[in-house]
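Working notes, structure below.
We count ligands from 1, going down the list as the structure has it; atoms in each ligand are counted the same way.
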Amino acid sequence: MPTNILDYPVTYLPNVGATRAKQLRDGMGISTYGDLIQYYPSKHIDRSRFYYTHELTTDMPYVQMRGQILSFEVEGQGRKRRIVGHFSDGHGIIDLVWFNGLQYVERTYKILTEYVVFGKPTLFRERFNITHPEIEPIERFNRTPMGLRPYYSVPEKIQKRGINTRMMEQWVATVFRVIHEPLPETLPEYLVRELRLMPRDEAIRAMHYPQSAEHLSRASYRLKFEELFFIQLNILRYSRERSRRYVGHVFAKVGALFHDFYDHHLPFPLTEAQKRVIREIREDMRKGRQMNRLLQGDVGSGKTLVALMSQLIALDNGFQACIMAPTEILAEQHLDTYRRFLGDMPIRVELLTSSVKGKRREAILSGLKTGEVHILIGTHAIIEDNVLFRNLGMVVIDEQHRFGVAQRAKLWSKNQTPPHVLVMTATPIPRTLAMTVYGDLDVSVIDQLPPGRKPIMTIHHYENRRQELYSGLRQQISLGRQAYIVYPLIKESEKMDLQNLEEGYREFCEAFPDLRISMVHGKMKQVDKDREMSRFVSGETHIMMATTVIEVGVNVPNASVMAIMNAERFGLAQLHQLRGRVGRGADQSYCILVTSFKLSQDTRRRIQIMTETNDGFEIAEEDMKLRGPGDLEGTQQSGIPFDLHIANLARDGQVVQLARDVASRVLDSDPKYDRPEHQAMWQALSDLNRHSVDWSAIS
Ligand code: ADP
Ligand code: MG
């Protein structure tokens, strides 16, 4: 028998045998008494509130009614066979319906006897019914305490196996009856006092049996704080230990190259945001600890230039630098940009991708070893083992969500001292989420676009108004502009998606016989893709039709229309990324979202957000609200358990911030983890970590 009651297996409870124990464990993550009482109710029902038949509506999640079963009747055949109890509350009649356990039901529930009934009302043939209701004799109902009654959400699959909220309620009550000691406090007492938190024992009990709504919200605040606080302690502890372990190159000076570039080569003034970010990076690289910085900036905000100027500082200090892009097209574009910006400066920039072969490759590899190549631009070909630098001091990773954690780690190992790392992304991540997902990276934000850009106009079209799309396109193209037409592509329906694109291609060719149209999709050979892409980039073709392969990074300033077909099938982040392909020149640009007529409420909301704002951060916040943080781009491979137990990163932003500040203070005050008042906390943290994430895999 375990010494701690909280470690008792649920099989010690009445009515829990091996089968139910397995269901509880696999379906709800509950193995022990401790797990059970930390499975919090999803809501509470006001026990004093009974609903009447005439008050019922179809959008009620759950009602409590009081009345009698007048009679039973068996209806339907085969799998639809069911027993129906006609239930009267004295004002009207609803049906109680069971699809199995017919005999049990008739044996257990007596007609013309007072019951309290719980469940979700649905409308069927103009009468409300409750399927598989929970039923309690009035005497038993009256014996349980008044006030708020916990309602436990049980996954449907498990409900079908006969575990419901009432049972959960009884089991939880049983556990609390046998726990005689208060549940141990995990936070240091001074924090509980200072932050006016509810003690843990009271909070966990109140989650089930609150005295009032306010009592409940204080309880849940305390537990949310604890959850987020432990996450931040983990992240900060890990990143502090890492910076203690690794020293960084010290870039002591800003030298001739940087100044020469700034004074003579910069074609336009930097935006204030670019200046601020360059200063932040400069500070990081001077301090002697390894920089790990995430640079977020909306599409077109000028991140490339920030990368370039930061790398000049590395060169000024005698180091090499490299920039890694997710595709060859992008790497080539970076090469163009770098060479154009640098002009005749004495800096050798080379491109390394898997298509660079033979002598050319040899020359670059040896130039890297001798240090003659100053800046290397490339794809993941850069991280191959035979690519060796003389002294790599700074690495920029563009559009990082395409690069895995392991790949980044490989870059680090190219030197004894790891290079400074700047990760750039145009996928905006809400601040509170960044604090968690990229918790040990410092975050810089370019929150300003270069001047002179006209905001992109976003318009929603229904599919059946193709002619309007055509005439809009024709007008832009007659002004000398180019256009993208994008079709969705997902793995599950890949074949049909490609057919859609090809069919669309034929339609557009028919509609515009005088224009040149390119098509690119993932099933094409790389060389063909590249050729079509460069035909469009050079202006040879007017229209680029593609699946989402063009999503990231491509820069064709002359393109002014982005039409997204079946826009309802794209997520917000993707729509925003795609839209960012236009609006890069000085002309007015347009994004046309083409959808079918029938749209779900969420889709409508997505389209509405897109037409209302161009602000990537605003869109990311909305996206997080619609989808929940775990589904946001860039977060999936982070390893963070987004199904937080009780906190919600989308809603509890302020608590995240507080948790981070407090965690940071605690670590400052206890660098050796040996202060006695923190022992229970460190213990709780290590217990927690045994069950969860490998924090060193993050970032
Ligand atoms: P992204 O942040 O999406 O990578 P880019 O670095 O590709 O954006 O920049 C987009 C365009 O804006 C480029 O053509 C670049 O030359 C231009 N640009 C960058 N900074 C400025 C600036 N301060 N003023 C004017 N144009 C700029
Ligand atoms: Mg870019």
Side-chain angles (χ1 to χ4, degrees), residues 261-263 265-281 293-312 322-343 349 351 375 377-379 395-403 422-429 443-456 482 484 533 537 539 550-560 562 573-574 576-587 589 591 614-617 619-620 633-634:
F261 180 80
Y262 193 82
D263 296 339
H265 293 262
L266 197 58
F268 34 64
L270 295 174
T271 62
E272 285 308 314
Q274 285 171 316
K275 282 189 204 162
R276 173 171 39 79
V277 170
I278 291 173
R279 270 200 304 273
E280 286 166 357
I281 293 170
R293 189 168 277 280
L294 172 71
L295 173 56
Q296 294 197 54
D298 222 333
V299 278
S301 60
K303 293 187 292 294
T304 319
L305 192 55
V306 170
L308 171 61
M309 293 181 68
S310 315
Q311 298 193 320
L312 291 180
C322 75
I323 174 164
M324 192 156 66
T327 64
E328 293 209 9
I329 296 174
L330 277 178
E332 278 163 26
Q333 271 193 2
H334 281 325
L335 180 73
D336 276 357
T337 310
Y338 267 54
R339 288 202 169 143
R340 201 157 24 84
F341 273 132
L342 292 172
V349 185
L351 177 74
I375 297 178
I377 297 179
T379 52
V395 173
V396 173
I397 299 170
D398 197 14
E399 299 301 345
Q400 70 84 40
H401 55 270
R402 307 265 163 130
F403 281 108
L422 181 69
V423 173
M424 306 202 295
T425 177
T427 309
I429 302 161
V443 179
S444 289
V445 179
I446 305 188
D447 49 7
Q448 186 181 22
L449 292 179
R453 302 259 173 89
K454 287 207 181 71
I456 302 163
Q482 291 163 279
Y484 294 101
M533 206 57 226
V537 173
I550 56 156
E551 193 181 328
V552 172
V554 197
N555 191 23
V556 182
N558 190 48
S560 64
M562 166 63 68
Q574 249 185 331
H576 181 64
Q577 278 289 315
L578 285 169
R579 179 168 63 180
R581 299 301 107 216
V582 296
R584 309 192 137 225
D587 307 293
S589 290
C591 172
N614 277 303
D615 181 331
F617 280 94
I619 290 172
E633 192 139 343

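- The shortest N/O to N/O separation between P269 and ligand 1 falls below 3.5 Å.
- In terms of the side chain to side chain contact (heavy atoms under 4.5 Å, CB included) criterion, residue partners of D615 (sequence neighbours excluded) are, by chain and number, T613, F617, E618.
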Would you check, one step at a time, whether the test side-chain contact (heavy atoms from CB on, under 4.5 Å) holds for L422 with Q311?
CA-CA 10 Å; L422 181 69; Q311 298 193 320; over 6 Å; no
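- For ligand 1, the atoms lying closer than 4.0 Å to a non-hydrogen atom of R584 are 3 (O).
- Here the closest non-hydrogen pair linking S301 and Q274 is O-NE2, 3.8 Å.
- Put simply, the side chain of L308 reaches to within 4.5 Å of the side chain of L342, judged on heavy atoms.
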Test log, rule side-chain contact (heavy atoms from CB on, under 4.5 Å), inputs M424 and V306
CA-CA 10 Å; M424 306 202 295; V306 170; 5.7 Å; no
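- Every N/O-N/O distance between F341 and ligand 1 stays at or above 3.5 Å.
- Residue pairs meeting the side chain to side chain donor-acceptor pair (under 3.5 Å) criterion with at least one member in residues 443-452, sequence neighbours excluded: R276-D447, E280-S444, R293-S444.
- Taking only non-hydrogen atoms, the option from T304, T425, L449 nearest to atom 7 (O) of ligand 1 is T304.
- In the candidate list R453, Q274, M424, R453 is nearest to atom 12 (O) of ligand 1, counting heavy atoms.
- Between G297 and ligand 1, not a single N/O pair is under 3.5 Å apart.
- Contact atoms of ligand 1 toward T271: 23 (N) (distance under 4.0 Å to a heavy atom of the residue).
- Atoms of ligand 1 lying under 4.0 Å from any heavy atom of L270, numbered from 1 in the order shown and given with element: 23 (N).
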